[in-house]
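In what follows, chains are A, B, ... by sequence order, proteins preceding strands, each numbered from 1. The figures that follow rest on heavy atoms only: side chains count, while hydrogens, waters and symmetry mates do not.
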There are 2 protein chains.
Amino acid sequence: MTDCSSCVVRNRAICASLDADELLLLGKMGRRQRVKAGHTLLWEGDDAPVVANVLDGVLKLVVATADGREQIVGVVFPSDFIGRPFGKTSPYSVTAMTDAEVCIFNRNSFDTFASSHPDLQQKLLRRTLDELDRARHWMMLLGRKSASEKVASFLLEMSERLSGQGCDAGTLDKGFELPFGRQQIADILGLTIETTSRQLTKMRAQGVLDLPSRREVVINDRAAMVVMAG
Amino acid sequence: MTDCSSCVVRNRAICASLDADELLLLGKMGRRQRVKAGHTLLWEGDDAPVVANVLDGVLKLVVATADGREQIVGVVFPSDFIGRPFGKTSPYSVTAMTDAEVCIFNRNSFDTFASSHPDLQQKLLRRTLDELDRARHWMMLLGRKSASEKVASFLLEMSERLSGQGCDAGTLDKGFELPFGRQQIADILGLTIETTSRQLTKMRAQGVLDLPSRREVVINDRAAMVVMAG
DNA sequence: CGTCTGTTTGAGGCTTTTCAACTCATGTGG
DNA sequence: CCACATGAGTTGAAAAGCCTCAAACAGACG
């Protein structure tokens, strides 16, 4: 069992809708689990037996074709919800991009619990609606944007989502550290690793950004970046 | 007010979770509205004051860039739900692709009603989760599939979704009529109208399909089509 | 110091887009 | 009834953009 009252994402995750008693009940169902970077929590097509909350780290949702092409269809951060409630096989794999920690629930137990806790279900609905908006926004990027627009859009979104992480939520840092490498950026944007790399180099040459190290990005000219994002 | 008990989508839409009394209450809030093909119900970025159920016809959800490129991020059929509950501006435009009829609710009233009807909310949650899965599946298509794979995938999906429409749900018709033209297919697949047209012509030349008229498609060799879909 | 992994860079080729012309079905007015 | 305009779809040629393959490079680590 898990002690929810001291949970790091207690107030941001869907659990935030629950009172002390309910939290205790949910806590009995959940258990914390560490996932090492690169390890896969859920496999695409499997009858996924669990749902989970992310406590720490970053995970990716991946869809693959038979011949091995991969597309990242979602990136989840702490307090985000993972999995497919209500009895469906997982339509994507969930893999840790960094060392991560999640709070896992048996799906059937969770479904039952959710059904009798409308507030929790509403929180889940809101979250799912937001995810859907984000996914549809991303569809525009994948279908209609050029490589440079894709990279610019990606950096701006990451800058926003990663800034929300720390204590000083709200302020946009100029610099931030990406939790993933070039290949994964490419898999998010529907590009190859080479094209991604070239676009970044071009932007650095233009002075719009700096790349102090492999995973660090500093946005020098956010306005220009917004224009490039299309 | 609307008479829900005789509604054509009564048993398929989210309303299916409601009993007679609740239905009457919801019916007082709703009103039927016709939308002519080409007319837009909701504009991207607008503070959308309504949500709706589709009664008849087909509508598209569109995201556009500043310079006019369009990506269709969703297609909704009868019994599907439209709109963004819980107080957000609409992240996309909703436009009728055929003459359509919808059952409209004031969003605030609907939100309130939903909050006090967990069954309705759960139906909405399930629907949203399904939409999210569909959207993510589509992201793979947009990001990683070739033009011919895109067209083949599209035709297969449309064949399935349009077959579900009639009385004989479940059986896959070889032939069906698309509710949209070439440009709109292109906007769904993230291609140009020319590329779309060329792929269709190529498939016809290969004998995989027939194109009896502009909007009709007959799939001759479904197995081959599945292979082509990647 | 050498190896390993991840990234950058280069050259060439292929797919898709772009631009333009043409076809075909439909509808309108003379 | 026919000439003509109209809009959607098809086809062709050329160009652009992105991908593929290959090689060089950089940082981390034993």
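- Here the P atom of nucleotide D/dG27 and the CG atom of A/Leu211 are 13 Å apart, to the nearest Å.
- Atom pair B/Lys145:NZ and D/dC18:P shows a separation of 22 Å (rounding to whole Å applied).
- One interatomic measurement links the two molecules: CD of B/Glu149 to C1' of C/dT15, which rounds to 12 Å at whole-angstrom precision.
- By the 4.0 Å N-to-carboxylate-O rule, B/Asp80 lies close enough to B/Arg127 to be salt-bridged with it.
- Among the protein residues, B/Thr201 comes within range of the sugar-phosphate backbone only, with heavy atoms under 4.0 Å from sugar or phosphate atoms but none that close to a base.
- Counting non-hydrogen atoms under 4.0 angstrom, A/Ser146 reaches the backbone sugars and phosphates but no base.
- Of the listed nucleotides (D/dC19, D/dT11, C/dT16), D/dT11 has the atom at the smallest distance from the side chain of B/Ser197.
- Take the nearest nucleotide of DNA chain D for A/Arg214 and for A/Thr195: the residue whose nucleotide is more 5' is A/Thr195.
- Phosphate proximity of C/dT17 to B/Thr192: present, with a side-chain N or O under 4.0 Å from OP1 or OP2.
- Across the interface with DNA chain C, nearest-nucleotide mapping of A/Gly143 and A/Thr196 shows A/Thr196 to be the residue nearer the 5′ end.
- Residue A/Arg215 places no side-chain atom within donor-acceptor reach of the base of C/dG6, judged by atom type and a 3.5 Å distance cut-off alone.
- Mapping A/Gly190 and B/Glu194 onto DNA chain D by nearest heavy atom places B/Glu194 closer to the 5' end of the strand.
- Looking only at distances, a side-chain donor or acceptor of B/Arg144 sits under 3.5 Å from a matching main-chain atom of A/Leu191.
- As judged by a 4.0 angstrom heavy-atom cut-off over every strand, A/Leu200 is placed among residues making no nucleic acid contact.
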List the steps and the verdict of side chain to side chain contact (heavy atoms under 4.5 Å, CB included) for A/Asp187 and A/Arg69. CA-CA 9 Å; A/Asp187 286 343; A/Arg69 284 170 284 175; over 6 Å; no
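- One atom, CD of B/Gln199, and another, P of D/dT11, lie 12 Å apart when rounded to the nearest Å.
- Separating the NZ atom of B/Lys150 from the C1' atom of C/dT16 is a distance of 10 Å, rounded to the nearest angstrom.
- Side-chain atoms of A/Lys145 and A/Ser153 include a donor-acceptor pair closer than 3.5 Å.
- Distance CZ (B/Arg198) to P (C/dT15): 13 Å, rounded to an integer number of Å.
- In this entry the distance linking CD1 of A/Ile185 with P of C/dG6 reads 14 Å, nearest Å.
- An OP1 or OP2 oxygen of D/dT10 is reached within less than 4.0 angstrom by a side-chain nitrogen or oxygen of B/Arg182.
- Considering every non-hydrogen atom in both B/Arg12 and B/Ser79, the closest pair reads CB-CB, 3.6 Å.
- The distance from atom CG of B/Asp67 to atom P of C/dT18 is 11 Å, rounded to the nearest whole Å.
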